[in-house]
Trainee: 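Dropping the structure in here first, questions after.
None of these values were measured; they are calculated from a predicted model.
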Amino acid sequence: MLSRTADHLFWMARYTERAENTARMLDVHVQTALLPQSTDDAEQGWRALLGISELQYGYNKKYDALTQKDVIDFMVRDPSNSSSIASCLKQARENARAVRGALTTEAWEIQNATWIKMQGYLQTNALEQNPSDFFEWVKHRSHLSRGVTIGTMLKDEAFHFIRLGTFLERADNTARIIDVKFHGAKETVKPGQSQQQSLLSTNIKAQDSQIDFYYWAAILRSVSGFEIYRKVYRDVITPERVAELLILRADMPRSLAACMDHVLSNLKHVRNDVSADTERFAGKLDADLKFSRIEEVFDAGLHDYLTVFLERIFELGNRISKDFLVPLAA
């Protein structure tokens, strides 16, 4: 396959998945903002979302103050933000248009129709009236795109580059969603106390709190994991189990372990003469997730663990670009 075609397919999938995951992150913050909390706590939550998404600098350049309305507007419709939902869906459509011949008619029409409907959606006040409904719409369109791809496309290299982009982006975003909730954990560690001990002791005191339950339930719902958690653990929601489900459970569709399984599998289907090192790099990351225990992750520091994971995912994306997507110099 031509590297340019592979590049368009890969990024079409990444942008579609990124739009969905941005909607998921925003939705969980809209839900938790409805819970009783101080103004400072609410602002800190939105600031953490911008920080984890690496958008704080861009936001500060445009806005003097931090408000929920402005953060949502910046992350949904702002054309100056290349990671906004509108920007992502536009880029997904443009990449799809560039390689229409590699897609089925249904796969192209989903991308095109999503962009057209998005423009109409943002010209109304629907986002301001009920942001959660809008975020559900974005997720639904992403589900349609994936379903049509799986259901109508030949399982050739084009299909595998699309799937590779999807799961690489999902791994990155799932790690960011987890880190949004756990970001401040290491700051609560007392001298002589591990992060796991501090985090668990802090949250054990709050487990009886109805508010704390809704926070963790919102996080699980942001990755479609609430019903799965109940089926797997059949018990109260605890931070350690939430982290285990979203990081190490390979049978949880949006977990880091599941994403890396799919990344490695699709890499094997498109391997070429220069991709052996990239495949080994992905294999090591996959193995780390397969054979880790959640206690080890917490002892090492969850925020630090996720930071390193995001760095390795970024490096893996660069390696894939070098091996498959960037045209070789003449």
Side-chain angles (χ1 to χ4, degrees), residues 9-31 75-77 83-97 103-122 126-127 130-155 158-177 217-229 231 245-246 249-256 258-259 261-263 265-266:
L9 294 168
F10 177 82
W11 282 104
M12 177 195 76
R14 289 203 70 163
Y15 279 122
T16 301
E17 184 71 21
R18 188 174 300 177
E20 177 186 349
N21 282 286
T22 298
R24 288 177 178 277
M25 285 194 291
L26 285 168
D27 196 27
V28 72
H29 274 71
V30 168
Q31 291 180 42
M75 295 186 70
V76 170
R77 57 160 56 99
S83 294
S84 70
I85 291 174
S87 294
C88 287
L89 293 180
K90 179 181 179 181
Q91 289 300 317
R93 188 255 186 188
E94 290 303 309
N95 278 284
R97 185 171 62 87
L103 299 170
T104 59
T105 299
E106 294 91 341
W108 155 249
E109 287 179 347
I110 286 294
Q111 295 291 342
N112 192 45
T114 297
W115 168 239
I116 292 171
K117 291 179 181 179
M118 161 69 78
Q119 290 178 297
Y121 215 128
L122 295 183
L127 177 62
N130 196 331
S132 288
D133 279 356
F134 172 77
F135 299 140
E136 283 299 322
W137 178 84
V138 174
K139 288 188 281 185
H140 178 67
R141 299 305 298 185
S142 181
H143 295 332
L144 282 177
S145 178
R146 278 195 304 276
V148 166
T149 297
I150 294 170
T152 68
M153 287 191 64
L154 183 70
K155 305 304 185 288
F159 174 84
H160 292 298
F161 275 115
I162 291 172
R163 300 294 282 168
L164 185 58
T166 294
F167 289 109
L168 194 66
E169 184 68 29
R170 184 178 296 179
D172 179 277
N173 280 278
T174 296
R176 293 178 189 276
I177 288 173
I219 286 290
L220 288 168
R221 288 193 173 97
S222 74
V223 290
S224 302
F226 184 78
E227 290 84 2
I228 294 175
Y229 184 97
K231 183 175 291 187
L245 182 71
L246 302 187
R249 294 279 310 208
D251 51 356
M252 162 63 186
R254 305 190 74 88
S255 72
L256 304 187
C259 290
D261 272 351
H262 287 291
V263 167
S265 173
N266 284 283

Trainee: Return yes when atom NE2 of His143 has more than 12 non-hydrogen atoms of other residues, nucleotides or ligands closer than 6.0 Å, and no otherwise.
Mentor: yes
Trainee: With respect to Thr16, which candidate in Glu169, Gln91, Arg93, Gln111 satisfies the side-chain hydrogen bond (donor to acceptor under 3.5 Å, both in side chains) definition?
Mentor: Gln111
Trainee: Between the main-chain N or O of Met153 and the side-chain N or O of Lys155, is there a donor-acceptor pair closer than 3.5 Å?
Mentor: yes
Trainee: Is the number of heavy atoms from other residues, nucleotides or ligands within 6.0 Å of NZ (Lys231) greater than 12?
Mentor: no
Trainee: When rounded to the nearest 0.5 angstrom, what distance separates CG in Leu103 from CG in Asn112?
Mentor: 11.5 Å
Trainee: Are the side chains of Val76 and Leu122 in touch, meaning some heavy atoms are under 4.5 Å apart?
Mentor: yes
Trainee: State which residues pass ring pair (Phe, Tyr, Trp, His ring centres under 6.0 Å) with Phe135; sequence neighbours excluded, sorted by chain then number.
Mentor: none
Trainee: Roughly how far, to the nearest 0.5 Å, is the CE atom of Met75 from the OG1 atom of Thr22?
Mentor: 5.5 Å
Trainee: Please round to the nearest 0.5 Å and tell me the distance separating atom CG of Leu89 and atom OH of Tyr15.
Mentor: 11.5 Å
Trainee: Hey, could you give me the CZ/CH2 distance between Phe161 and Trp11, rounded to the nearest 0.5 Å?
Mentor: 13.5 Å
Trainee: Can you see which heavy atom on Asn266 is nearest to which on Phe167, and at what distance?
Mentor: ND2-CD1, 4.4 Å
Trainee: Using side-chain heavy atoms (C-beta onward) and a distance below 4.5 Å, is Phe134 in contact with Met118?
Mentor: yes
Trainee: Go through Phe159 and Thr149 one step at a time and tell me if the side chain to side chain contact (heavy atoms under 4.5 Å, CB included) criterion holds.
Mentor: CA-CA 7 Å; Phe159 174 84; Thr149 297; 4.0 Å; yes
Trainee: Among Ile177, Ile219, Val223, which residue satisfies the side chain to side chain contact (heavy atoms under 4.5 Å, CB included) criterion with Val28?
Mentor: Ile219
Trainee: Leu256 versus Leu246: any side-chain heavy-atom pair under 4.5 Å?
Mentor: no
Trainee: For Glu17 and Arg254: C-alpha separation, side-chain torsions, deciding distance, then whether salt bridge (charged side-chain N to carboxylate O under 4.0 Å, His left out) applies.
Mentor: CA-CA 11 Å; Glu17 184 71 21; Arg254 305 190 74 88; 2.7 Å; yes
Trainee: Would you please test His160 and Leu164 for side chain to side chain contact (heavy atoms under 4.5 Å, CB included) and show each step?
Mentor: CA-CA 6 Å; His160 292 298; Leu164 185 58; over 6 Å; no
Trainee: NE2 of His262 to OG1 of Thr166: how many Å apart, nearest 0.5 Å?
Mentor: 10.5 Å
Trainee: Please name the pair of heavy atoms, one in Val30 and one in Pro131, separated by the smallest distance, quoted to 0.1 Å.
Mentor: CG1-CG, 4.1 Å
Trainee: Do Arg18 and Ile85 touch side chain to side chain, with heavy atoms closer than 4.5 Å?
Mentor: no
Trainee: Classify the ring geometry of Trp137 against Tyr121: parallel below 30°, tilted from 30° to 60°, perpendicular beyond 60°.
Mentor: tilted
Trainee: Got a donor-acceptor contact below 3.5 angstrom from the Thr152 side chain to the Val148 backbone?
Mentor: yes
Trainee: Main chain of Asp261, side chain of Ser265: is a donor-acceptor contact present, judged purely on distance under 3.5 Å?
Mentor: no
Trainee: Among residues at least two apart in sequence or on other chains, which ones pass salt bridge (charged side-chain N to carboxylate O under 4.0 Å, His left out) with Lys139?
Mentor: Asp27, Glu136
Trainee: Could you pull out the closest heavy-atom pair between Asp251 and Pro253, with the gap in Å?
Mentor: O-CD, 3.5 Å
Trainee: Would you confirm whether Ser255, through its side chain, and Met252, through its main-chain N or O, come within 3.5 Å as a donor-acceptor pair?
Mentor: yes
Trainee: About how many Å separate CG of Asn173 and CG of Leu168, when rounded to the nearest 0.5 Å?
Mentor: 10.0 Å
Trainee: When you check the gap from the basic side-chain N to the acidic O, do Arg24 and Glu20 get nearer than 4.0 Å?
Mentor: yes
Trainee: A side-chain contact here means heavy atoms from C-beta on lying under 4.5 Å apart; do Ser142 and Arg146 qualify?
Mentor: yes
